[in-house]
Amino acid sequence: MYRHEYKYLASGPALSALERRVASVLSLDFHASAKGFYHIRSLYFDDIHNTCYRENEDGTQPREKFRVRVYDCESSVIQLELKRKEGGKTLKQSCPLSLDRLKILMAGGIPALEANDSPLFRRFWTAMHTAALRPAVIVAYDRVPYVWMQCGQVVSACNVRVTFDRNIRSSFDFRGFLNPGLASRPVLATGTSLMEVKFDAFLPDFIYELLQCGALAETTFSKYYLCRKLNMSGQRIA
């Protein structure tokens, strides 16, 4: 199912005030644990022509990107994902990925295809062979996630999710993807964070009103694009 996705950049007191308002109405996602946030790390892929990067730069729609995602640098849950963006909406497909296969990808190799592999992995494997799809950049950040819940359950009718992403950083040390001490560089000014608002069919009025803030600026911000742009030289990134 396609989801609506809106992004806003904010910083300083305005951001803190907005997060307090959100926290007073929405519930912190239980995945955030006692820390109040979780660390997301994604390994993005691009082909020999840097197609994903160029499509982001040109605003091409629809566009798609493959990535491998882990949380808190843990290898117990590894997901291969394909994210498709079209007209302000996103669609995400995913399938589990083994640690052994991830290690092969981190080293720039191609895992062997197996009989029981999912259609998504088969498509990814095919792109690695036909378009030379390889690791392009690591995007890392800390996410504070809020959801709309009633009676202890997420309201599935609209599935609202408001997240605050801080410390957005990039790295090209693909072999260190799972290393908690991965060397990386910030891509936003100090104190600036990204707020994302995601929902399915509709955004309830009371949540819309909650998010109104004159200091917010809607943006087409792409973590992937900005993280790569800082290191693009017109040549393929090894």
So, D165 and R143, do they make that salt bridge, N to O below 4.0 Å?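 A salt bridge links D165 with R143.
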Note: K92-E5 ion pair, threshold 4.0 Å (strictly below):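 Between E5 and K92 there is no salt bridge, as every charged N stays at least 4.0 Å from the carboxylate O atoms.
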Do F202 and C158 pass the side chain to side chain contact (heavy atoms under 4.5 Å, CB included) test, and can you show the C-alpha distance, the side-chain angles, and the key distance before you say yes or no? CA-CA 6 Å; F202 65 95; C158 49; 4.1 Å; yes
Would [X] and [Y] count as having a side-chain donor-acceptor pair, cut-off 3.5 Å?
| X | Y | value |
| --- | --- | --- |
| E218 | Y6 | no |
| D142 | H39 | yes |
| R69 | S42 | yes |
| K65 | N56 | yes |

Give, for atom [atom1] of [X] and atom [atom2] of [Y], the distance between the pair rounded to the nearest 0.5 Å.
| X | Y | atom1 | atom2 | value |
| --- | --- | --- | --- | --- |
| L188 | C227 | CG | SG | 8.5 Å |
| R67 | F124 | CZ | CZ | 13.0 Å |
| L82 | E64 | CG | CD | 4.5 Å |
| F174 | F177 | CZ | CZ | 10.5 Å |
| L26 | W148 | CG | CH2 | 9.0 Å |
| R21 | I207 | CZ | CD1 | 12.5 Å |

Quick check with a 6.0 Å cut-off and a 45 degree axis cone: is K223 positioned over the face of Y141's six-membered ring?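 Here K223 passes the 6.0 Å and 45° test against Y141.
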Within 45° of the six-membered ring axis of Y225 and under 6.0 Å from that ring's centre, is NZ or CZ of K229 located there?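 The answer is no, since K229 fails at least one limit relative to Y225.
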Using the rule that two of Ile, Leu, Val, Met, Phe, Trp, Tyr join whenever any of their side-chain heavy atoms come within less than 4.5 Å, decide whether L28 and M149 are in one cluster. no
Do the ring planes of Y44 and Y224 sit parallel (below 30°), tilted (30 to 60°) or perpendicular (above 60°)? tilted
Checking R134 against D47 for the salt bridge (charged side-chain N to carboxylate O under 4.0 Å, His left out) test, could you report, in this order, the C-alpha distance in whole Å, the side-chain angles of both residues, the deciding distance, and whether it holds? CA-CA 6 Å; R134 293 295 186 273; D47 62 23; over 6 Å; no
Pairing residues for K89 by the side chain to side chain contact (heavy atoms under 4.5 Å, CB included) criterion, not counting sequence neighbours: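 Only Y2, H4 meet the side chain to side chain contact (heavy atoms under 4.5 Å, CB included) criterion with K89.
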Full working for salt bridge (charged side-chain N to carboxylate O under 4.0 Å, His left out) between R161 and D29: CA-CA 9 Å; R161 189 173 182 84; D29 189 320; 2.7 Å; yes
